[in-house]
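Remember, it's a predicted structure, so these values are computed and weren't measured experimentally.
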Amino acid sequence: KEILHLLSIFFVLAAPAPALAPPNRTGRGCPPLYREAFVLSGYRPVGLPWRCYVLSLFQIHNDSVKVWCPLLAALYGVLGVQLQGPDGLGPSVDPCSLPLLLYVMSVVAAALLLHPRSEPVRLSLFLLDSAGRGLHQFGRALALSVYSSDADWTDSIMGQLYLPAAAVLSWLSCTAGCCGELFPRHCDLSHRRLLQMGPMSLAFLLDISPVAQRLYSCPWKAGSDQFIYHLNVLHFVLQVVLFLTAAFFLLCPVPECLSPGRFDIAGHSGQLSLVLLTLSTVSQQEALLRDFSWRRAGVVRRFGEEYLLKACAGFIAVTLSLPATALVLRRCGILARSTR
């Protein structure tokens, strides 16, 4: 009976999913909430069973690249920890930050894979995604302040205000993303992207301030230690370049605006921005791992246990406040709709 039950589950999952909406030049059959400017075809039908959207992971549609990109990044993180050598070098991410990376990437992938199910499902997934992005921003700031900063920067006014400002910006990023999803009729896709990118860019500029100070005061001398130091800085420079390029594609519908319909399945700005943001995150994780391996021996001696415990308590507070903010905003959005 167990074998028959397993076979029945297999045949249910193996049954062919409904075909994608046929390419068209008008976007008919897809609600305006799900459409992107200058992307005319490749949309999945709305309101299908859950199984269809899970199996669409292996279909070709205009969300395929967006879904597979965070999944591959999460797989890279898992394999990186497994392949990490005893010397702490190699293709890996910091095992301490791996749960946060997997959480963020899995939430992004789930939101992009399952959002056509219905508008309530889409709203819940993207609110969770907004909270996850804000949490990732603060986690990035916390790691950079501990592992990637110099003593001069830590003792400065910027260093003292760094984590409180990062917490505020992570909350603003979560709030702006939630508002863009809760009131889509008051702002189109470009405005929602601007709401998402504004606080995220401010948080990114704040987060890289310790790295910028390192780059400014970097002593370009010979030696193996200096080579590792410069390699870490170059990793962060790559992250900055990838983030700025991703911001450009997120705010500018290039190249699809030049040839509407030609980049529906692969190559439109939404896909390019997510790919570049994912590569930026992976590059950041690699740089943080090298900094962690290089500086972990003196972290407690430099900051003290009390400071590190307060920083971890701040991370827990942000972790609790962001989902609570998303829930409160969703409740406010439901009440605002019911009073109309």
Notebook entry, point to check: Yes or no on side chain to side chain contact (heavy atoms under 4.5 Å, CB included) for Arg117 and Leu125, after CA distance, side-chain angles and deciding distance?
Noted result: CA-CA 11 Å; Arg117 177 67 174 84; Leu125 289 173; over 6 Å; no
Item checked: Contact check, side chains of Phe138 and Cys174, non-hydrogen atoms, under 4.5 Å -> no
Note to self: Once you measure the plane-to-plane angle for His115 and Tyr34, does it fall in the parallel (<30°), tilted (30-60°) or perpendicular (>60°) bin?
What the structure shows: parallel
Notebook entry, point to check: Under the salt bridge (charged side-chain N to carboxylate O under 4.0 Å, His left out) test, which residues partner Glu306, sequence neighbours left out?
Noted result: Lys310
Margin query: Looking at Leu40, is its backbone amide N or carbonyl O close enough to the side chain of Asp264 to form a donor-acceptor pair, meaning the two atoms are under 3.5 Å apart?
Written below: yes
Next item on the list: Would you please name every residue forming a side-chain hydrogen bond (donor to acceptor under 3.5 Å, both in side chains) with Gln137, sequence neighbours left out?
Entry: Ser173
Notebook entry, point to check: Could you go step by step and tell me if Arg193 and Ser273 meet the side-chain hydrogen bond (donor to acceptor under 3.5 Å, both in side chains) rule?
Noted result: CA-CA 11 Å; Arg193 287 183 174 182; Ser273 62; 5.7 Å; no
Next item on the list: Identify, with sequence neighbours excluded, every residue that meets side-chain hydrogen bond (donor to acceptor under 3.5 Å, both in side chains) alongside Glu181.
Entry: Arg122
Item checked: Side chain Arg302, main chain Asp150, donor-acceptor under 3.5 Å -> yes
Notebook entry, point to check: Is there a side-chain contact between Leu202 and Leu172, using heavy atoms and a 4.5 Å cut-off?
Noted result: no
Notebook entry, point to check: What is the distance from atom CE of Met200 to atom CG of Leu205, rounded to the nearest 0.5 Å?
Noted result: 12.5 Å
Next item on the list: Take Leu113 and Ser56 through the side chain to side chain contact (heavy atoms under 4.5 Å, CB included) test and state the conclusion after the steps.
Entry: CA-CA 8 Å; Leu113 180 65; Ser56 69; 3.6 Å; yes
Checklist line | Under 3.5 Å donor-acceptor, Tyr53 side chain and Gly47 backbone | finding: yes
Item checked: Results of side-chain hydrogen bond (donor to acceptor under 3.5 Å, both in side chains) for Glu256 - residues two or more places apart only -> Ser269
Checklist line | Of all pairs that satisfy salt bridge (charged side-chain N to carboxylate O under 4.0 Å, His left out), the ones with a partner from residues 158-173, not counting sequence neighbours | finding: none
Let me have the donor-acceptor pairs involving side chains of residues 316-331, under 3.5 Å, with sequence neighbours excluded, atom names and distances please.
unit_1, atom_1, unit_2, atom_2, d
Thr319, OG1, Phe315, O, 2.7
Ser321, OG, Ala317, O, 3.2
Ser321, OG, Val318, O, 3.1
Thr325, OG1, Trp171, NE1, 3.0
Thr325, OG1, Ser321, O, 2.8
Arg330, NH1, Ser124, OG, 2.2

